[in-house]
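Each chain gets a letter, A, B and so on, in the order its sequence line appears, and its residues count up from 1.
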Amino acid sequence: MSTAEARPSLDFVREAVAEDLRTGRFDGRVVTRFPPEPNGFLHIGHAKAICLDFGIAAAHGGACHLRFDDTNPMKEENRFVEAIKRDLRWLGFDWSEHEYFASDYYEQFYEYAVSLVRKGRAYVCDLGPDEIRAHRGTLTTPGQESPNRGRSIDENLELFERMRAGECADGSRTLRAKIDMASPNLNMRDPVMYRVLRATHHRTADAWCIYPMYDFAHGQSDSIERITHSLCTLEFEDHRPLYDWFLDELEIYHPRQIEFARLNITYTVLSKRRLVQLVDEGHVTGWDDPRMPTLAAMRRRGYTPEAIRAFCEKVGVTKTNSLSDVALLEHCLRDDLNARSPRVMGVLRPLKLVIDNYPAGQVEQMEAVNNPEDPGAGTREVPFSRELYIEQDDFREDPPRKFFRLAPGREVRLRYAYLVTCTDVVRNDAGEVVELHCTYDPETRGGTTPDGRKVKATLHWVSAAHAIEAEVRLYDRLFRTPRPGKDTGNYVDDINPHSLQVLTGCRVEPSVCGAEPGHRYQFERQGYFCVDPDSSPTRPVFNRTVPLRDAWAKIDQAAGRKGSKAS
RNA sequence: UGGGGAUUGGUGUAACGGUAGCACGGCUGACUCUGGAUCAGUUAGUCAAGGUUCGAAUCCUUGAUCCCCAGCCA
């Protein structure tokens, strides 16, 4: 074809879709699906799949179905389907009327199974779980055929009907596909299609006591919905022969399964099993604990859907097992937040600063820019007075090299206000600095210097009398190693004990008063923060979404490593 | 010792026989009323060995390493 384009290259999945479009394999249709099991919350690994599934459909004017893969009533709950839908919408995707459940197809699956029995391709097996395992063989040795493999079609039909009718005890019998017990692919060694299980299903309640296995449900669901491209992760590559086998034997519409590598990110875990464990064992406060990699947690922490989508686009889609640097995620986050977050001043660890030559009782309203990246965001007024709070970190009595902030005798700018010079230091009995005295230069109102003199630092501040008291929750990575469990053998041992630091008595400028949960700010020179639902009207609670890149912190840390850590 | 995948700078990802590029990170520097942002520069790579070819990350051969599979989970 002459349609070879010099556009940004397509990933291998999109290329496969493009090829199918060229060859007319699916009559020009593109229909994908996102098939979560409702047994937990969606995490950022799912976001990658979601962006792919919905992205490919959208790129070709096709639909992406949301299908809950609910074939295991033991683990699935309605609260998870609700959470999944909420998170999908938040991420920015719309499945319109295409909301399905594998459990909607149970009757159809049953008929499919019966037709396979009639064809002599499936049989009822009386082996228990342990016996089935023993008969399966190993990776290097073939399995043994079930003693029931030769049952007559009529007997299989009758037995399968009795399984459904509730005449068999849980685990006593299964329906199995008759394929090849010597196959090198263990999935083809007469895989179980149905098991007997008395559990109340979150949707079908007690209508069934037999439930189909994933392999006997997924492809058939895809087929029923006339999916064209069924995208899944690499571990299902071994299942594709079985996916194809069922569809071929059933002689029904046959989508194409394509596998891609799942997402991994440094300093976190992204398997549902592990996330469940973190929640159940109380290592975090819940699925939406802001330290979790779940979408609900990231939302609460202040991540934007745009940042997550940008990240998913940047990591790409391949078959390579990879480990993405969390720094890339944070870059995407900052990139988005920088463009849209209103700036505000907030002091996390307050240190009182008194301007001796500023009139007591006087209050000036200083004009501050809301977002230098967005002129349309306008300005606001911030009250200034004689007694202020600045950040404890912004003062050093004995400033190290390259420390440009406040120190005895040094002049700095108070952002949007005045230049001040430190004249005195007040200490408590323990010798800690508890208050600073300064003088200000009235000629520098607004932070300007009519004489053109320069100061190396600009500090954020709040007026002591006007500031609002707040709680701030500082989050660090949940794990202290890039690959949790890699060296310790147990990822739980790598949990970072300092992943949450709660600061109380923080002071923020009055303009944030009344901000709704979810509202995001940049606290200048500190990072991006977001109002937590735990906030009350009188006392806001902020989550630190991500700190600003901090050149000084890097210098300071490097110096600290060499020793000389004066207290 | 079975089967299925994978292998390009520290990390992620392009290149489809013709100059190994982009992004993140790192490091310089410029600029700055956020030590932010921005801008400029820089660092560093084709798993190995053979072979084919004028020319190989790409094709062939042999080997190495890593991941997945022995649930009546998905």
Report summary line: salt bridge (charged side-chain N to carboxylate O under 4.0 Å, His left out) pairs touching residues 131-146 of chain A, sequence neighbours excluded, are D130(A)-R133(A), E145(A)-R149(A)
Report summary line: residues 192-201 of chain A vs salt bridge (charged side-chain N to carboxylate O under 4.0 Å, His left out), sequence neighbours excluded, gives D170(A)-R198(A)
Report task. Tell me, please, which residues at least two apart from H460(A) pass ring-ring contact (aromatic ring centres under 6.0 Å, His included). Result -> none
Contact class for [X] vs. all strands (heavy atom < 4.0 Å): base, sugar-phosphate, or nothing?
X	result
F523(A)	nothing
P241(A)	nothing
T138(A)	base
E15(A)	base
K402(A)	base
R343(A)	base
T449(A)	nothing
Q522(A)	base

Of all residues at least two apart in sequence or in a different chain, which pass the salt bridge (charged side-chain N to carboxylate O under 4.0 Å, His left out) check with [X]?
X	answer
E167(A)	R162(A)
E37(A)	none
R415(A)	E524(A)
R525(A)	D394(A)

Given [options], identify the nucleotide with an atom nearest to the side chain of [X].
X	options	result
S9(A)	rA15(B), rG35(B), rU13(B)	rA15(B)
T320(A)	rG5(B), rA6(B), rG35(B)	rA6(B)
N185(A)	rG3(B), rA70(B), rA14(B)	rG3(B)
I555(A)	rG12(B), rG35(B), rC24(B)	rG35(B)

Can you tell me how the ring of [X] sits relative to the ring of [Y], calling it parallel under 30°, perpendicular over 60° and tilted otherwise?
X	Y	value
F529(A)	F523(A)	parallel
H46(A)	F34(A)	perpendicular
H218(A)	Y214(A)	tilted

Pairs under 3.5 angstrom only: tabulate donor-acceptor contacts from the side chains of residues 318-331 of chain A to other protein residues two or more places apart or in another chain.
residue	atom	partner	partner atom	Å
T318(A)	OG1	T320(A)	N	3.2
K319(A)	NZ	E237(A)	OE2	2.4
D325(A)	OD1	A327(A)	N	2.9

Query - Under-4.0 Å salt bridge between R405(A) and D393(A) - result: no
If I take atom [atom1] in residue [X] and atom [atom2] in nucleotide [N], what distance separates them, rounded to the nearest angstrom?
X	N	atom1	atom2	answer
R520(A)	rG36(B)	CZ	C1'	19 Å
L234(A)	rA6(B)	CG	P	8 Å
M181(A)	rA70(B)	CE	C1'	10 Å
H331(A)	rG10(B)	NE2	P	21 Å
K319(A)	rU13(B)	NZ	P	14 Å
H460(A)	rU32(B)	NE2	P	23 Å
D180(A)	rA70(B)	CG	P	18 Å
R189(A)	rG4(B)	CZ	C1'	14 Å

Query raised in the report: Can you find a donor-acceptor N/O pair under 3.5 angstrom joining the side chain of D238(A) to the base of rG3(B)?
Result: yes
Report task. Give a yes or no on whether a donor-acceptor pair under 3.5 Å exists between the nucleobase atoms of rG4(B), that is its base, and the side chain of R240(A). Result -> no
Query raised in the report: Is a side-chain N or O of E15(A) found less than 3.5 angstrom from the main chain of D11(A), in a donor-acceptor match?
Result: no
Report summary line: Per nearest nucleotide of RNA chain B, the residue lying toward the 5' end, P184(A) or E524(A), is P184(A)
**Report entry** Residue closer to the 5' end of RNA chain B, G137(A) versus G316(A) (nearest nucleotide)
**Finding:** G316(A)
Query raised in the report: Glycosidic conformation of rG71(B), syn or anti, with 90° from 0 as the boundary?
Result: syn
So which protein nitrogen or oxygen atoms get under 3.5 Å of nucleotides 71-74 of chain B's nitrogens or oxygens?
residue	atom	partner	partner atom	Å
rG71(B)	OP2	R133(A)	NE	3.1
rG71(B)	OP2	R136(A)	NH2	3.1
rC72(B)	OP1	R136(A)	NH2	3.3
rC72(B)	OP2	R136(A)	NH1	3.0
rC72(B)	N3	G171(A)	O	3.1
rC72(B)	N4	L127(A)	O	2.7
rC72(B)	N4	P129(A)	N	3.1
rC72(B)	N4	G171(A)	O	2.7
rC73(B)	OP2	R195(A)	NE	3.0
rC73(B)	OP2	R195(A)	NH2	2.7
rC73(B)	O3'	R195(A)	NH2	3.4
rC73(B)	O2'	N72(A)	ND2	2.8
rA74(B)	OP1	T71(A)	O	3.3
rA74(B)	OP1	T71(A)	OG1	2.6
rA74(B)	OP1	R195(A)	NH1	3.3
rA74(B)	OP1	R195(A)	NH2	3.2
rA74(B)	OP2	Y214(A)	N	2.9
rA74(B)	O3'	D69(A)	OD2	3.4
rA74(B)	N6	H239(A)	NE2	3.2

Could you tell me how far [M] sits from [N] if I compare only their [atom1] atoms? Round to whole Å.
N	M	atom1	result
rA64(B)	rA70(B)	C1'	26 Å
rG18(B)	rA57(B)	P	10 Å
rU11(B)	rG4(B)	C1'	27 Å

Every protein N/O lying under 3.5 Å from an N/O of nucleotides 38-41 of chain B:
none

Report summary line: Here the side chain to side chain donor-acceptor pair (under 3.5 Å) pairs for residues 255-272 of chain A, sequence neighbours left out, are D20(A)-R256(A), N39(A)-K272(A), E235(A)-R262(A), R240(A)-E259(A), Q257(A)-E259(A)
Query raised in the report: If you write RNA chain B from 5' to 3' in dot-bracket form, with Watson-Crick or G-U pairs under 3.5 Å, [ ] for crossing pairs and | for pairs with another strand, what do you get?
Result: .((((((..((((....[..)))).(((((.......)))))....(((((..]....))))))))))).....
Report task. Taking only the side-chain nitrogens and oxygens of T458(A), find out if one of them lies under 4.0 Å from OP1 or OP2 of rU34(B). Result -> no
